[in-house]
There are 2 protein chains.
Amino acid sequence: MMRPTIKTVAAEAGVSTATVSYVLAGRTKGNGSGISPATAQRVHAAASRLGYRPNQAARTIRTGKSNLMMLSLTMLSDPWSLSVSKAVGAAVAPAGITPMILADTDWRTAIKRQGADVIFIDAAERPGDAELLAELALSNNLVVFSETLEPQGFDVIRSLAGDSMDHAMDHLTASHTKVAALTTSGSLTASGPTRYRAYVAGLERAGIEFRQDYVATFEKDEVSAYQAAVALLQVPDPPTAIFATSDFAAIAAVHAAERLRLAVPDDVVVMGIGNTMAGEVMTPSLTTIGPTDFYAGLADFLVERAQDPTKPHQVLEFPWRLFVRDSAPGAP
Amino acid sequence: MMRPTIKTVAAEAGVSTATVSYVLAGRTKGNGSGISPATAQRVHAAASRLGYRPNQAARTIRTGKSNLMMLSLTMLSDPWSLSVSKAVGAAVAPAGITPMILADTDWRTAIKRQGADVIFIDAAERPGDAELLAELALSNNLVVFSETLEPQGFDVIRSLAGDSMDHAMDHLTASHTKVAALTTSGSLTASGPTRYRAYVAGLERAGIEFRQDYVATFEKDEVSAYQAAVALLQVPDPPTAIFATSDFAAIAAVHAAERLRLAVPDDVVVMGIGNTMAGEVMTPSLTTIGPTDFYAGLADFLVERAQDPTKPHQVLEFPWRLFVRDSAPGAP
DNA sequence: GTGAAAGCGCTAACAC
DNA sequence: GTGTTAGCGCTTTCAC
C-alpha cells in the first residue's frame with residue numbers, strides 16, 4: 001500500500017538508488033554519468049511496474065526547485081486575470097512548470113505557507129505591502145504588478161500608461177460632451193495619478209464641465225459594476241459616452257446599455273482600460289487602452305524568472321496605446 | 001543571504017532544533033512536551049528576528065501533509081468554475097489549507113508532478129481516464145466530478161439531475177412552442193443520457209415538432225456561445241424559448257438577446273443548467289436547474305477529505321431542482 | 001524541561 | 001558503468 005520510493009525501484013531493478021535517480025533524470029548517456037542502456041531499461045521497467053512517482057517535496061528540498069509558478073490573482077473573474085492565466089498556461093508548458101493560481105486569496109498569508117520557483121502578485125496596494133514584499137523577497141522569487149512600487153529584491157511589472165489615458169479621454173471628448181466615468185469606489189479618494197484623475201483632467205482639457213451625477217462607482221465585482229452602469233445610464237439627461245476604468249467594468253457597461261435597449265456605439269460609446277482578450281472578442285469589440293503584447297510578455301518573463309532566479313531585479317514596463325474598436329469608434 | 005532554517009534559529013536562541021520545532025508547532029504547554037514559557041519566548045524572538053519561515057517542502061516530506069488543495073478546473077472562465085473557486089476559498093480558510101487552481105491545464109500530466117492533500121478534478125471524460133484515475137488514486141487523494149465514473153480508490157461527486165431536466169423542459173413547453181437548444185457541439189453525438197437528449201425528449205413529450213434550425217452549437221468559450229445564440233435568434237421565425245445546456249451558455253444567450261433588442265423574458269425566455277452564482281446575481285436573474293448548496297457542499301467535502309484522507313471512498317450526490325427566476329418565469 | 005539523533009525521499013559528489 | 005554516502009530542513013522518539 002505504501003507508495004513506492006526510489007529505494008523500492010532500486011531493489012526491484014537490482015541496482016542502487018543513485019542509478020535509479022540518474023536513469024529517471026534521463027542522464028543515461030552522453031552526459032557525465034554513463035548508464036548502460038540495458039540497466040536503464042531495467043530501471044524503467046521496474047519503475048513502471050511499481051507505479052513509481054517521484055516525490056516532489058523530496059525533490060524540492062534537495063534541489064531547491066519546485067517547478068511551480070504561483071499566480072496570485074485578486075479577482076479571478078476579471079478578464080484581466082483570465083487573460084494572464086491563459087497566457088501563462090501557454091508559456092509554461094514547454095518549460096515543465098506547473099502554474100498554480102491563488103484565487104481571491106490573501107497572498108500575504110499564503111506565501112508564507114507555500115513556496116514556488118516564482119510568485120506573481122497582481123495587487124499590492126495596501127499600506128505596509130512594500131515592506132512586506134521586501135521581506136518576503138528574501139526567501140521568495142517575487143514578481144509584482146504595480147504602478148507605484150519600486151523593485152526591492154523583487155521585480156516590478158508596470159504598465160507604462162504614459163499619455164494614453166489622455167488619448168482615450170480625448171478620443172471620447174472629440175465627439176461627445178456627455179462623458180461619464182465608471183470607476184471603483186476606492187479610486188475617488190486614492191492618491192497619486194489614478195485613472196479617475198485622468199478622467200477629470202480629460203474633461204477639463206476639453207472644456208467640459210464636471211458633473212457629479214456622471215460619476216458612478218462600483219465594488220470589485222461584476223454585479224456591482226453592472227448595476228452602477230444601469231443607474232448611470234438612467235440619470236436625467238444620460239451620458240452618451242462612458243469612460244470605464246477597467247475592461248471588466250466596460251463590458252458590464254455594454255451589457256447594461258444593451259439591457260436598456262441602448263445601442264453601442266450608436267446611443268452610447270464605451271471605453272475600457274486593460275486591453276483584455278475578453279474585450280477584444282466580444283461583440284461589439286471593446287475600444288480600450290492598454291499594453292501591447294502584455295499577457296504573453298508577462299508570461300514569458302515569469303517563465304524566465306522561474307528558470308533563472310539569479311538575475312538582477314528590474315522594472316519591466318509595457319507601453320500602452322489606444323485600441324480603437326467598435327464600442328467607441330473614432331469621430332465620423 | 002541564506003534563508004534561515006530551524007538550525008539557525010536554534011543557534012540564535014541557544015537551544016536545540018527540537019525545542020524550536022516544538023515551540024513553533026505551538027506545543028509549549030499542556031501537551032506532552034513541556035517547554036518553559038521563558039524558552040518559548042526566546043525562540044519566538046529569535047525566529048522573528050531572523051525572519052524565519054518554515055520550509056514547506058521539508059515539512060511535507062516529513063509529515064506527508066502539504067496543506068494544499070488542488071483544484072483542476074477545465075474552463076476557468078465558466079461561472080461554474082468561478083463558483084467552485086469562490087466557495088472553496090471561503091471553506092479552506094479556517095482549516096489552514098491553501099487552495100491552488102490548475103486552470104485549463106491538463107491534470108493528467110500535472111498531477112504526476114505536483115501533489116496535494118486533496119485534488120479535485122472537474123472533468124474526466126476522455127477514454128482511458130477511468131483507468132488513469134484509478135492508478136493516480138494509489139498515491140493521491142482524488143475527488144472527481146463525474147456523472148458516469150464509479151469510485152475506484154477516489155471519491156466521485158455527482159449531480160443527481162433526476163427528472164429535473166424534464167421539469168425544466170416542461171417549464172418551457174408549458175408556455176412556449178418555439179423552444180430552441182443551445183448546446184456544445186460534442187453533445188449531439190455523445191452517448192448516454194445527455195442534456196441535449198433531455199431537450200429532444202421534452203419536445204416530444206409536449207408534442208412539439210423538432211426543428212433542426214432550432215439547435216445551435218458552440219465550442220467551449222463565451223464568444224462561440226454568444227455567436228451561436230445570436231445566430232439562433234435570427235433564424236426566420238425565431239424561437240421564443242432557449243434551453244441552454246449550461247448557465248454559461250444561458251448567460252451568453254441573454255446578452256445576445258439584449259444585443260438584438262429582444263427583452264428577456266418578454267420576447268424570449270432563457271433556461272440554464274448549473275445554478276451558478278453568476279446566473280443568480282445577473283439581471284435578469286437566470287432560471288436554471290442545478291444542485292442545491294452544491295458549491296458549499298463540495299467545498300466542505302474537499303476540506304474534510306484533505307484533513308482525513310483515510311475514510312472509505314464514496315459517491316457524493318447533489319440532487320437537482322428547478323430554480324424559477326426572472327429569465328424564464330412560470331406561465332402567467 | 002531539553003537535546004541527540006534518526007530518518008522522510010531524493011540528488012549529486014565522489015569513490016570504485 | 002555503478003554504488004556509497006552525505007546531506008537538504010524538518011519532526012518526533014527517546015534518553016537525559
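Within every chain, numbering begins at 1; the chains are lettered A, B, ... in the order of the sequence lines, protein sequences first and strands thereafter.
Closest of all the heavy-atom pairs between Ile111(B) and Ile119(B) is CD1-CG2, 3.8 Å.
The side-chain hydrogen bond (donor to acceptor under 3.5 Å, both in side chains) test applied to Glu304(B) returns Lys311(B), not counting sequence neighbours. Applying the side chain to side chain contact (heavy atoms under 4.5 Å, CB included) criterion to Ala58(B), with sequence neighbours excluded, gives Ile61(A), Asn55(B). Judged as a side chain to side chain contact (heavy atoms under 4.5 Å, CB included), and not counting sequence neighbours, the contacts of Ser16(A) are Ala18(A), Thr19(A).
The distance from atom CG of Asn55(B) to atom C1' of dG9(C) is 14 Å, rounded to the nearest whole Å. When the P atom of dT12(D) is taken as reference, atom NZ of Lys65(B) falls 13 Å away, rounded to whole Å. Rounded to an integer number of Å, the gap from Arg53(A) CZ to dG9(C) P is 17 Å. The nearest whole Å value for the distance from the NZ atom in Lys7(A) to the C1' atom in dT5(D) is 12 Å. The CD1-C1' distance, from Ile6(B) to dT12(D), rounds to 11 Å in whole Å. One interatomic measurement links the two molecules: CZ of Arg59(A) to C1' of dC8(D), which rounds to 15 Å at whole-angstrom precision.
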Enumerate, atom names and distances included, each donor-acceptor pair closer than 3.5 Å involving a side-chain atom of residues 81-92 of chain A, sequence neighbours excluded.
from, atom 1, to, atom 2, distance (Å)
Ser81(A), OG, Met75(A), O, 2.8
Ser83(A), OG, Pro79(A), O, 2.9
Ser83(A), OG, Met277(A), N, 3.4

Under 3.5 Å, which donor-acceptor pairs link side chains of residues 94-102 of chain A to any protein atom two or more places apart or in another chain?
from, atom 1, to, atom 2, distance (Å)
Thr98(A), OG1, Arg113(B), NE, 3.2
Thr98(A), OG1, Arg113(B), NH2, 3.1

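Considering only side-chain N and O atoms, Thr60(B) lies nowhere under 4.0 angstrom from the phosphate OP1 or OP2 of dC8(C). For the OP1/OP2 pair of dT13(D) and a distance below 4.0 Å, the side-chain nitrogens and oxygens of Tyr22(B) include no atom meeting the criterion. OP1 or OP2 of dC8(D) has not a single side-chain nitrogen or oxygen of Thr5(B) nearer than 4.0 Å. Remark: Ser16(B) is in phosphate contact with dG3(C), judged by side-chain N or O atoms under 4.0 Å from OP1 or OP2. At dA4(C), none of the side-chain N or O atoms of Thr17(B) fall inside 4.0 Å of OP1 or OP2 (strictly under the cut-off).
Here the nucleotide nearest the side chain of Ile61(A), chosen from dG3(C), dG9(C), dC10(D), is dG9(C). The side chain of Val15(B) approaches dG3(C) more closely than any other nucleotide in the set dT11(C), dC10(C), dG3(C). Among the nucleotides dT2(D), dG9(C), dT11(D), the one closest to any side-chain atom of Thr19(A) is dT2(D). Ranking dC8(D), dT4(D), dA6(C) by closeness to the Arg62(B) side chain, first place goes to dA6(C).
Note on ring orientation: taking the six-membered ring where Trp is involved, the planes of Phe145(A) and Trp80(A) are tilted (angle from 30° to 60°).
Sequence order on DNA chain C of the closest nucleotides to Ala58(A) and Arg42(B) puts Arg42(B) first from the 5' end.
Helix-axis bend for the helix from dG1(C)-dC16(D) to dC16(C)-dG1(D): the local axis fitted to the five terminal pairs at one end deviates from that at the other end by 40°, rounded to 10°.
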